[in-house]
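One structure is given below, encoded as structure tokens.
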Number of protein chains: 2
Amino acid sequence: MGVPPDQDNIPLQRCPDLVIKSDTPKGRGVFATKDIPARTIIDICPVVVLGLEENKEHIEKTSLYHYTYNWPTIDVSGKPKTAQAVIFGLGSMFNHSTQEQNVGWIRDPSRLVIIYRALRDIAAGEELCISYGSHLTFEDADVAPATPPEDEIEQLRMIEPY
Amino acid sequence: MGVPPDQDNIPLQRCPDLVIKSDTPKGRGVFATKDIPARTIIDICPVVVLGLEENKEHIEKTSLYHYTYNWPTIDVSGKPKTAQAVIFGLGSMFNHSTQEQNVGWIRDPSRLVIIYRALRDIAAGEELCISYGSHLTFEDADVAPATPPEDEIEQLRMIEPY
């Protein structure tokens, strides 16, 4: 078929210089133990996409809803829909910060993974934060930024997969 | 308190020599790209423990139930109960094999992580499989083993945390 032999091998890199701290003001958080250069892959996380119905009927009513991500999908009638996905990796552990966001992410729907990269140089000791964008399920603790936090497109443009 | 300063820093090691393959007979699976020596840490996965009620009311009715793990907890009256936890890492991606199990795991309830280790030398190209033990939600494809697959204790004894 002309597909390179490793096309189906989805890498699972994780930056080795990360720890979780349990006792932060935001609860658990992911922190750098060494300086991490801009564009370093932080984590590649497999996802499971939830059914639209089961999500609405059940997942939205549980604590897990705070952990899910929007995920583009197509419903049974062929219409594009926004489903929810559970992220099996650090993507479920990063706290939110609009102001201090230092990790960007991009969905790879064909491979069912999300790739996380450092948006800038991250210093040892810093917390790794993403922008939850339009899926923020709590009040934003940061000062309101000039651009709306739901502008995920801008953020997604900042990284390239692999 | 006499606690070492790094006691709260929970490591997040992942073995770098892993990929996901999408097209296996079992669906997605995790495979070794290089030889992995026995006892190597494969992944350390943070978990989120679900409420007993929300699990029964909702999660058990969704596709996510196939991904959850038993998790020891204490209910509001102080009685030990088995809750369910969602595993944010490769623990949610490993396929089951009673016969070919080459990865063991141990819960660390105080740190809310599961640690996965190679139970034996794993050769490049091998699939990494765990035993789902008592949480098997489908019929076991392997020939019935001499010991019951739910004997998780034996498996847990095979690895030590960190």
Side-chain angles (χ1 to χ4, degrees), chain A residues 3 6-24 27-31 33 41-51 53-68 84-94 110-113 125 128, chain B residues 3 6-24 27-33 42-51 53-68 84-94 110-113 125 128:
Chain A
V3 177
D6 65 353
Q7 183 70 13
D8 288 327
N9 288 344
I10 303 167
L12 288 168
Q13 287 112 293
R14 167 170 297 170
C15 171
D17 306 319
L18 303 172
V19 290
I20 287 183
K21 289 179 188 280
S22 301
D23 58 349
T24 84
R28 284 187 286 181
V30 181
F31 289 76
T33 56
I41 287 183
I42 300 297
D43 205 24
I44 298 182
C45 303
V47 309
V48 63
V49 182
L50 300 165
E53 282 305 312
E54 67 180 357
N55 184 61
K56 191 175 170 190
E57 278 300 302
H58 294 297
I59 303 294
E60 284 189 10
K61 297 170 183 169
T62 72
S63 56
L64 208 66
Y65 185 56
H66 301 288
Y67 292 90
T68 62
Q84 297 295 314
V86 177
I87 313 305
F88 292 141
L90 300 186
S92 292
M93 298 306 298
F94 297 126
S110 68
R111 291 175 169 226
L112 291 176
V113 296
L128 278 68
Chain B
V3 177
D6 67 348
Q7 183 70 13
D8 289 326
N9 289 343
I10 303 166
L12 287 167
Q13 289 111 292
R14 168 171 297 170
C15 171
D17 307 319
L18 303 173
V19 291
I20 287 183
K21 289 179 188 281
S22 301
D23 58 349
T24 85
R28 286 187 285 181
V30 181
F31 288 77
T33 57
I42 299 297
D43 204 24
I44 298 182
C45 302
V47 309
V48 63
V49 182
L50 300 165
E53 282 305 312
E54 66 180 358
N55 184 62
K56 192 175 170 188
E57 278 300 301
H58 294 297
I59 303 293
E60 285 190 8
K61 298 171 182 168
T62 72
S63 56
L64 208 65
Y65 185 56
H66 301 289
Y67 293 90
T68 63
Q84 296 296 314
V86 177
I87 312 306
F88 292 142
L90 300 185
S92 292
M93 298 306 298
F94 297 126
S110 68
R111 291 175 168 225
L112 291 175
V113 295
L128 278 68

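Lettering of chains follows the sequences in order, A, B, ..., and the numbering in each one begins at 1. Values below: all heavy atoms of this structure, side chains included; hydrogens, waters and symmetry mates excluded.
Rounding to the nearest 0.5 Å places NE2 of B:His58 at 10.5 Å from OG of A:Ser63. Rounding to the nearest 0.5 Å places CG of A:Leu12 at 9.5 Å from OG1 of B:Thr33.
Just one of A:Asn9, A:Asp8, A:Ile10 meets the side chain to side chain contact (heavy atoms under 4.5 Å, CB included) condition when paired with B:Val19; it is A:Asn9.
Contact annotation for A:Ile87: only backbone heavy atoms (N, CA, C, O) come within less than 4.5 Å of a heavy atom of chain B. If you measure heavy-atom distances from B:Asp17 to chain A, you find no contacts under 4.5 Å at all. In this structure, chain B has a heavy atom under 4.5 Å from the backbone of A:Glu57, while its side chain stays farther away. Residue B:Val86 touches chain A through its side chain alone, counting heavy-atom pairs closer than 4.5 Å.
With chain A as the partner, the residue from B:Pro46, B:Cys15, B:Gly51, B:Gly91 showing the most heavy-atom pairs under 4.5 Å is B:Pro46. Heavy-atom pairs under 4.5 Å with chain B peak, among A:Asp43, A:Leu90, A:Leu64, A:Asp23, at A:Leu64.
Residues A:Glu54 and B:Thr62 approach most closely at OE1-CA, 3.3 Å, considering heavy atoms. A pairwise comparison of heavy atoms in A:Gln13 and B:Arg14 identifies O-NH1, 4.5 Å as the closest pair.
Shown here is A:Lys61, whose NZ atom has more than 12 heavy atoms of other residues, nucleotides or ligands within 6.0 Å.
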